[in-house]
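See below for the structure under consideration.
FYI, the numbering just counts along the sequence from 1.
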Amino acid sequence: CICRSLVVMVDAFCGEVVSAMPLHSVAHVWNLTQAVHRKASADVEPCLLALCGILALSIPFLVVDIAFVGTRSAHLLPGFLVSCGIMYALLAAATVSEKCGRVPAFINAISFGAGSERKRQHTVEYIASSAAGFYILDTRLTTSMVAKMMYIWCIVVLGALTRLTAA
């Protein structure tokens, strides 16, 4: 919910820029938007870190469940659903960074009138160098990072399943 609000905030900023926001105030409004993103990231960070810990521990628990209970899907489904929900939350957080990364190109495509090219370029560089997005432990969370984590999680789970079901 918070991540979706941050995405909507970026969309609202872009909508304001298109609806005749003066170029001299674009950087200031973006600065406020970026500050809200940083504050929200800092407030949600402990929860996402806890969810990442749960996701990391779900793999050994899944292996133990398979070893002692068997591969009946009814017993494995809750852990699998929780893991998928955590991955979805991380992907939603990464979407904020991806949306913020597209703003400089969007601003650069807008015409602010004759003679504003230099000021527009300065604003685009400011927005690009601000690197706004969703941060966890001062690292910008991107969809590629989340996708890599999903791939690793799936490889480990599938490896554990094949080892235990083959034995």
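- Taken to the nearest 0.5 Å, the CD atom of E117 stands 11.0 Å off from the CZ atom of F112.
- A single hydrophobic cluster is seen to contain both V103 and V29, as judged by linkage of ILVMFWY side chains at heavy-atom distances under 4.5 Å, directly or through other members.
- T142 and S97 share no donor-acceptor pair across their side chains, judged by distance under 3.5 Å alone.
- Rounded to the nearest 0.5 Å, atoms OG1 (T143) and CD (E98) are 3.5 Å apart.
- Note that NE2 of H122 and CD of E125 are 7.5 Å apart. Values are rounded to the nearest 0.5 Å.
- Looking at every heavy atom in both residues, Y88 comes nearest to R4 through OH-NH2, 2.6 Å.
- Atom CD1 of I127 sits about 4.5 Å away from atom CD1 of I107, to the nearest 0.5 Å.
- For the residue pair Y126 and A27, the shortest heavy atom distance occurs at CE2-O, 3.8 Å.
- Tracing side-chain contacts under 4.5 Å through hydrophobic residues (I, L, V, M, F, W, Y), one reaches L137 starting from I86; they form part of the same cluster.
- Formation of a donor-acceptor pair under 3.5 Å by the R120 side chain with backbone atoms of I110 is found in this model.
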Discussion item. side-chain contact (heavy atoms from CB on, under 4.5 Å) for V44 and F134? Distances and angles first, verdict last.
Written reply: CA-CA 10 Å; V44 175; F134 201 91; 4.0 Å; yes
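- No side-chain heavy atom of V26 sits less than 4.5 Å from a side-chain heavy atom of E16.
- Under a cut-off of 6.0 angstrom, the local environment of CD1 in I2 is sparse, with at most 12 non-hydrogen atoms contributed by other residues, nucleotides or ligands.
- Taking both residues in full, the closest heavy atoms of A93 and L48 are given as CB-CD1, 4.1 Å, listed atom of the first, atom of the second, then distance.
- No chain of hydrophobic side-chain contacts below 4.5 Å, direct or via other Ile, Leu, Val, Met, Phe, Trp or Tyr residues, connects V7 to V18.
- Contact between G133 and R140 at its shortest, heavy atoms only, is CA-NE, 4.2 Å.
- Because its NZ or CZ atom is both nearer than 6.0 Å to the ring centre of Y135 and within 45° of the ring axis, R38 counts as a cation-pi partner of that residue.
- Summarising the geometry, atom SG belonging to C154 is positioned 5.5 Å from atom CE belonging to M87; distances are rounded to the nearest 0.5 Å.
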Fill in: side-chain contact (heavy atoms from CB on, under 4.5 Å) between R102 and V10, intermediate numbers included
CA-CA 10 Å; R102 294 187 195 111; V10 174; over 6 Å; no
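- No chain of hydrophobic side-chain contacts below 4.5 Å, direct or via other Ile, Leu, Val, Met, Phe, Trp or Tyr residues, connects L32 to V36.
- There is a path of hydrophobic side-chain contacts, each under 4.5 Å, that joins M150 to W153.
- Applying the side-chain hydrogen bond (donor to acceptor under 3.5 Å, both in side chains) test to residues at least two apart or on different chains, the pairs with a partner in residues 19-30 are W30-S130.
- At most 12 non-hydrogen atoms from other residues, nucleotides or ligands lie less than 6.0 angstrom from CG of D138.
- Nearest approach of I136 to E45, heavy atoms of both residues: C-OE2, 4.0 Å.
- Across every non-hydrogen atom of V146 and A94, the tightest pair is CG2-CB, 3.9 Å.
- In this structure, CG in L6 is found 4.5 Å from NE2 in H37, a value given to the nearest 0.5 Å.
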